[in-house]
Number of protein chains: 2
Amino acid sequence: MKETIPDNPPLGLLLRLVHQHWTQAVDNALDAAGFGDIRPPHANVFTFTPPEGIQVSELTKLAHVRKQTMTQAVEELEKLGYVERRPDPNDRRGRLVFLTERGRAVRPIASATGRKVDERWAELTSPEEMEMLRQALKLLFEKLRDDQPAGAVSTSRSDS
Amino acid sequence: MKETIPDNPPLGLLLRLVHQHWTQAVDNALDAAGFGDIRPPHANVFTFTPPEGIQVSELTKLAHVRKQTMTQAVEELEKLGYVERRPDPNDRRGRLVFLTERGRAVRPIASATGRKVDERWAELTSPEEMEMLRQALKLLFEKLRDDQPAGAVSTSRSDS
DNA sequence: GGCAGATAGTAAGGTACCTGTCTATATATC
DNA sequence: GATATATAGACAGGTACCTTACTATCTGCC
């Protein structure tokens, strides 16, 4: 028996379930591409690290996660040999993240996983449907961002 | 400067950000109602526990979380005095969760927080927009549920 | 030149999910 | 009635986010 959801489910529930599917799909895509050691949070690093290097702080802004989260992803990728960090010549507080040769080889695959999932989902529904969904979410996010007292994002999850 | 998102952001990013807003809003609503000790995952328990009691396993199906997650929520609410557990007279493996008197008093507020957030979001955009979003997510979820080899939900998160 | 406030990164700690494994009980089948 | 399988719950452990607090350095202003 399939798991059912109520006729008028709370949005939080739907957002959580669909998001879980997304991350699972990204993870599967990475595994299928032969990169079992790259986990979803790492993908952002590949996606956003330019040839000239980038600070972790910049990466956090692009990926919309906190410093701690991004720092950990970078550290793990450093251990795995995909990136390296060097002092930022222009800012002695900072360090720049670079892709290693190995990292550059992986980059196209890692940064494409998201697009792959997008495409798969568009097949399941329709490109128009997905575009509508994306636009609706984007609009809502922008309204929320302008509405709330900004900042203050908790860690809690629920749906009721 | 407002946090910006790319023109064509990965869906995973949008899903995560909007979901974060949702849970934050639920948390705020509970605090505002004077129930700072009730955290978002608890709301499901209030929403789904009927007068005749219910097993944790049933709650997990309704809320779509794993046993461990729901068990923890129930244990916390038990410590706080909102619910109690008694042996299930019809199944010696199980225990039934009941709302205490205190729990029954809170129930309407706790289970309404989700609806409150829905309404607020409908004000920010429009009721039609929110309904469209809900339907799009629901449709997508159903397609995904029927598509995938079912089960296998990982814990990873990412957006690229 | 000196100082206030912003920013890069680190450290320590918490939450809401997830997984797999195990025991006891229930249920369905032969 | 015995046996295989499914289910309820407990236990141990992991992940991806989050928070606040701290140091070092940079930047803008007097």
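Residue numbers start from 1 in every chain, and the chains themselves are labelled A, B, ... in the order their sequence lines are given, proteins ahead of strands. Side-chain atoms are counted along with the backbone in the values below, which use heavy atoms only and exclude waters and symmetry mates.
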From NE2 of H64(B) over to C1' of dC18(C), roughly how many Å is that when rounded to an integer? 16 Å

Looking only at atom types and distance, does a side-chain atom of R134(B) sit under 3.5 Å from a main-chain N or O of P9(A), one as donor and one as acceptor? yes

For DNA chain C, the expected dot-bracket line (Watson-Crick or G-U under 3.5 Å, [ ] crossing, | inter-strand) is ||||||||||||||||||||||||||||||

Taking all atoms of both residues into account, what is the closest heavy-atom pair of L30(B) and R39(B), and its distance? CD1-C, 4.1 Å

H42(A) atom NE2 is separated from dC17(D) atom C1', nearest whole Å, by 14 Å

Charged N to carboxylate O below 4.0 Å: is that the case for K79(A) and E76(A)? no

Report the distance from atom CZ of R92(B) to atom P of dA24(C), rounded to the nearest whole Å. 13 Å

Can you tell me if T23(A) touches the phosphate of dA16(D), counting only side-chain N or O atoms and a distance under 4.0 Å to OP1 or OP2? no

Annotated protein contacts, base or backbone, on nucleotides 3-11 of chain D with a non-hydrogen cut-off under 4.0 Å, one of B, S, - each: ---BBSBSB

L30(B) CG to dT15(C) C1', straight-line distance once rounded to whole Å: 15 Å

Classify the ring geometry between W121(B) and W22(B) as parallel (under 30°), tilted (30 to 60°) or perpendicular (over 60°). perpendicular

Between W22(A) (CH2) and dC17(C) (C1'), how many Å, whole number? 20 Å

Decide salt bridge (charged side-chain N to carboxylate O under 4.0 Å, His left out) for E119(A) and K116(A); before the verdict, give the C-alpha distance in whole Å, the side-chain angles of both, and the deciding distance to 0.1 Å. CA-CA 5 Å; E119(A) 284 162 23; K116(A) 286 238 181 73; over 6 Å; no

So does R104(A) pair up with E101(A), basic N to acidic O under 4.0 Å? no

From NE2 of H21(A) over to P of dC17(C), roughly how many Å is that when rounded to an integer? 16 Å

Whole angstrom value for the distance that separates P of dT25(D) from CG of D88(A): 13 Å

Ignoring hydrogens and geometry, is there a side-chain-to-backbone donor-acceptor pair from T113(A) to A29(A) under 3.5 Å? no

Between atom CG in L13(A) and atom P in dC17(C), what is the gap in whole Å? 10 Å

Looking only at the side chains, is there a donor atom on one of Q68(B) and Q72(B) sitting less than 3.5 Å from an acceptor on the other? no

Geometric cation-pi criterion, R102(B) with Y82(B): 6.0 Å, 45°: yes

